[in-house]
Every structure is written in structure tokens, then in C-alpha cells.
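Heads up: numbering here begins at 1 and tracks the sequence. Atoms considered below: every heavy atom in the structure, side chains included; atoms not considered: hydrogens, waters and symmetry mates.
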Amino acid sequence: MTKIICNISEDTIYFEVLEHTGTEACIAVSSVCNVLVSYLDALGVDVDVYEPGHVRYDIVLNEYVARREIELIFKAVYTTLQAASEEFKGQIKIY
């Protein structure tokens with residue numbers, strides 16, 4: 001099962017996706033994560049972990065000029081992953 005942890009606060013974002021390999025649900029999650037990593041890389045935000053089946057960001061927003069843009073992309077990704085969890089019931093768990 002794919003596990004998604006997302007906590008967006010005023011000053012920080014913690015986002016982690018674990019165990020997303022092997023099913024159609026995981027292909028969807030991996031695609032969204034790849035877009036997130038590419039987008040944030042263009043904004044100068046480094047990913048903490050980026051390997052097959054595991055993506056993690058632990059961001060202090062105060063360090064970035066594009067703070068609002070970073071927050072918005074995480075909110076968009078989270079909304080997309082929520083929709084995926086509805087589509088693939090029992091395969092994606094959001095915490």
C-alpha cells in the first residue's frame with residue numbers, strides 16, 4: 001500500500017510518499033511525485049529523498065522567495081493524491 005504523509009503549516013511543509021511501486025495506483029502516484037520534484041527543482045527546492053518508491057520533502061518555507069508558489073504546488077499535489085486514493089481505494093493511505 002502506498003502511504004502519503006502531508007503536513008502543510010504556515011512555515012513548513014512535510015511531504016512523504018512511501019512504497020509506491022508495482023500497481024496502477026503507484027504509477028499514478030509516481031507520476032504526480034515526478035511532476036512535483038521537477039517543478040520544485042526549477043524553483044531551487046531540493047528533494048530530501050528521491051528514489052524508487054520513496055519521495056520526501058521537509059521544507060522551511062521562510063528560506064524561499066517563491067514561498068506561496070511552493071505552498072500552492074503542494075496543495076495541488078495533495079488534492080490530486082486525494083483523488084487518486086478515491087480512485088484506487090485500499091491501495092493508497094493518506095495520513
Side-chain angles (χ1 to χ4, degrees):
M1 174 179 294
T2 299
K3 299 173 190 168
I4 299 168
I5 302 163
C6 186
N7 184 3
I8 301 170
S9 69
E10 188 174 316
D11 297 328
T12 63
I13 295 175
Y14 183 83
F15 177 85
E16 188 166 23
V17 178
L18 301 157
E19 302 172 17
H20 57 108
T21 56
T23 67
E24 286 182 13
C26 297
I27 291 168
V29 171
S30 292
S31 297
V32 172
C33 288
N34 289 335
V35 169
L36 177 67
V37 170
S38 294
Y39 189 88
L40 291 175
D41 183 58
L43 294 177
V45 180
D46 293 327
V47 62
D48 294 309
V49 176
Y50 185 45
E51 55 192 37
H54 191 189
V55 174
R56 184 179 69 228
Y57 283 95
D58 195 359
I59 299 170
V60 176
L61 289 171
N62 300 355
E63 298 174 2
Y64 297 98
V65 173
R67 174 185 173 149
R68 180 73 176 137
E69 191 172 355
I70 293 166
E71 182 180 349
L72 288 174
I73 188 65
F74 274 103
K75 286 180 178 180
V77 163
Y78 183 71
T79 300
T80 302
L81 293 174
Q82 283 180 313
S85 74
E86 289 296 317
E87 177 71 25
F88 300 104
K89 289 190 184 296
Q91 296 181 52
I92 299 171
K93 176 74 175 171
I94 298 178
Y95 298 90

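Considering only heavy atoms from C-beta on, Thr12 comes within 4.5 Å of Ser9 through its side chain. Counting only heavy atoms from C-beta outward, the side chains of Ile92 and Leu81 never approach each other to under 4.5 Å. Side-chain contact between Lys93 and Thr2: absent, with no pair of heavy atoms (C-beta onward) separated by less than 4.5 Å. The closest side-chain heavy-atom distance from Lys3 to Val17 is not below 4.5 Å. When side chains are defined from C-beta on, Glu24 counts as touching Phe88, because their heavy atoms get closer than 4.5 Å.
Taken to the nearest 0.5 Å, the CG atom of Leu36 stands 14.5 Å off from the OH atom of Tyr78. Atoms CZ and CG, on Arg67 and Leu72 in that order, are 11.5 Å from each other to the nearest 0.5 Å. To the nearest 0.5 angstrom, Tyr64 atom OH is 13.0 Å from Glu69 atom CD. With rounding to the nearest 0.5 Å, the separation of CD in Glu86 from CD1 in Ile94 is 8.5 Å. Remark: Asp46 CG to Leu40 CG distance equals 10.0 Å, nearest 0.5 Å. Rounding to the nearest 0.5 Å places CD1 of Ile13 at 5.0 Å from CD1 of Ile8.
With Asn7 contributing its side chain and Tyr14 its backbone, the two residues share no donor-acceptor pair below 3.5 Å. Side chain of Ser85 to backbone of Gln82: a donor-acceptor contact under 3.5 angstrom is found.
Phe74 and Tyr57 have perpendicular rings, their planes meeting at more than 60° on a 0 to 90° scale where under 30° would count as parallel.
The pair Lys75-Glu71 counts as a salt bridge, with a side-chain nitrogen and a carboxylate oxygen less than 4.0 angstrom apart.
A donor-acceptor pair shorter than 3.5 Å cannot be found between the side chains of His54 and Glu19. Asp41 and Tyr50 are not linked by any side-chain donor-acceptor pair at a separation below 3.5 angstrom, with hydrogens and angles left out of the test. Between the side chains of Glu16 and Tyr95, no donor-acceptor pair of N or O atoms lies under 3.5 Å.
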Apply side-chain contact (heavy atoms from CB on, under 4.5 Å) to the pair Arg56 and Val47, showing each step before the final yes or no.
CA-CA 6 Å; Arg56 184 179 69 228; Val47 62; 6.0 Å; no
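Among the candidates Val37, Asn34, Val29, the single residue satisfying the side-chain contact (heavy atoms from CB on, under 4.5 Å) test with Val55 is Val37.
Between Glu10 and Leu61, the shortest heavy-atom distance links the atoms O-CD1, 3.9 Å.
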